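Values in this document were obtained by computation on a predicted structure and should not be read as measured data.
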Amino acid sequence: MESVGSLEEAARKRKERLQALKRKKVSDEEKHADDSEEPLTKIPVSDNPLESDQTETAKKEVAFKNYKPEDDTLQEKVQPPAKLAEVEDHIQDQLEAAKPEPVVEEIDLNNLAPRKPDWDLKRDVAKKLEKLERRTQRAIAELIRERLQSGEADLTTAVNASSDAAQENEDSD
C-alpha cells in the first residue's frame with residue numbers, strides 16, 4: 001500500500017511542476033508582448049513528449065500517396081501516382097548485350113565425324129606404301145620384259161597377265 005501513496009505523491013509533484021511552467025510561460029509571453037509590437041509564435045513547452053509530438057504532427061501537411069479520400073476538400077492534397085522506372089527495356093538491352101556471337105559461322109562435318117580407330121596407323125604407313133607401290137610397278141615391268149625376251153611372241157598375253165597380277169594386288173589391299 002505504500003507504493004500507492006508514493007504514486008499519488010509523484011502525481012501531485014508533477015501537477016505542481018506543470019502549473020509552475022504554465023505560470024512561467026504566461027509571464028514570458030507578457031514580457032515579449034510588451035517588448036515588441038509583433039507577436040511571436042507560441043512554442044509549446046511541456047515535459048510530456050507525447051504532447052509535443054501531437055503539436056508537431058498537427059503542423060505537418062497531409063499528403064495522400066496511396067489513399068484516395070472521399071472528402072472533396074482533401075482531394076487537392078492527393079499526390080499523383082509515382083512513375084515506375086521502365087525495367088523491361090533495361091532488361092531487354094542487357095539480354096541482347098549478353099548474347100554470345102557465333103565464333104564459327106559454318107561447322108566442318110569432317111571434323112565432327114568420328115574417325116576410324118586405325119586412321120593414325122594408315123597415316124604413318126602411307127609413305128612406306130608409296131615406296132612399295134613404286135617397287136611393285138618396277139617388278140611388274142621387269143617381269144614383262146623377261147617374258148618378252150624369253151620368246152613369248154604374243155605381247156598382249158604378257159600385258160594381260162601383268163595387269164591381272166596388278167589387279168589382284170589392289171584387291172588384296
remark   = Tyr67 and Val78 have their tightest heavy-atom pair at O-CG2, 4.4 Å
message = Are there over 12 heavy-atom neighbours, none belonging to Asp124, within less than 6.0 Å of that residue's CG?
response = yes
key: Closest heavy-atom pair and its distance - Leu132, Thr136   = O-OG1, 2.7 Å
query = Which residues pass the side chain to side chain contact (heavy atoms under 4.5 Å, CB included) test with Asp93, sequence neighbours left out?
reply = none
task = Determine, step by step, whether Leu129 and Glu133 satisfy the side chain to side chain contact (heavy atoms under 4.5 Å, CB included) criterion, reporting the C-alpha distance in whole Å, the side-chain angles of both residues, the deciding distance to 0.1 Å, and the verdict.
result = CA-CA 6 Å; Leu129 286 176; Glu133 184 66 30; over 6 Å; no
request  = Can you sort out the partners of Lys13 under salt bridge (charged side-chain N to carboxylate O under 4.0 Å, His left out), two or more places apart, ordered by chain and number?
outcome  = Glu9
query = In the hydrophobic clustering that connects Ile, Leu, Val, Met, Phe, Trp and Tyr at side-chain heavy-atom distances below 4.5 Å, which members other than Leu95 occupy its cluster, ordered by chain and number?
reply = Val87, Ile91
inquiry  = Quick one, Leu143 and Glu146 - any side-chain contact, counting heavy atoms below 4.5 Å?
reply    = yes
Within one Ile-Leu-Val-Met-Phe-Trp-Tyr cluster: Ile140 and Leu148, side-chain cutoff 4.5 Å = yes
query = Between CG of Asp71 and NZ of Lys77, what distance do you get to the nearest 0.5 Å?
reply = 10.5 Å
query = Are Val26 and Leu21 linked, directly or through other ILVMFWY residues, by side chains that come within less than 4.5 angstrom of each other?
reply = no
task = Check whether more than 12 heavy atoms from other residues, nucleotides or ligands sit under 6.0 Å from atom CD of Glu88, and answer yes or no.
result = no
key: Interatomic spacing from CD in Glu142 to CD in Gln149 - rounded to 0.5 Å   = 10.5 Å
inquiry  = Hydrophobic cluster membership, with links at side-chain heavy-atom distances under 4.5 Å among I/L/V/M/F/W/Y: are Trp119 and Leu121 in one?
reply    = no
ask   = Among Arg12, Gln19, Arg14, which residue meets the side chain to side chain donor-acceptor pair (under 3.5 Å) test with Glu16?
value = Arg12
remark   = Paired with Asp28, the side chain to side chain contact (heavy atoms under 4.5 Å, CB included) test is passed by just one of Lys24, Lys25, Glu30, namely Lys24
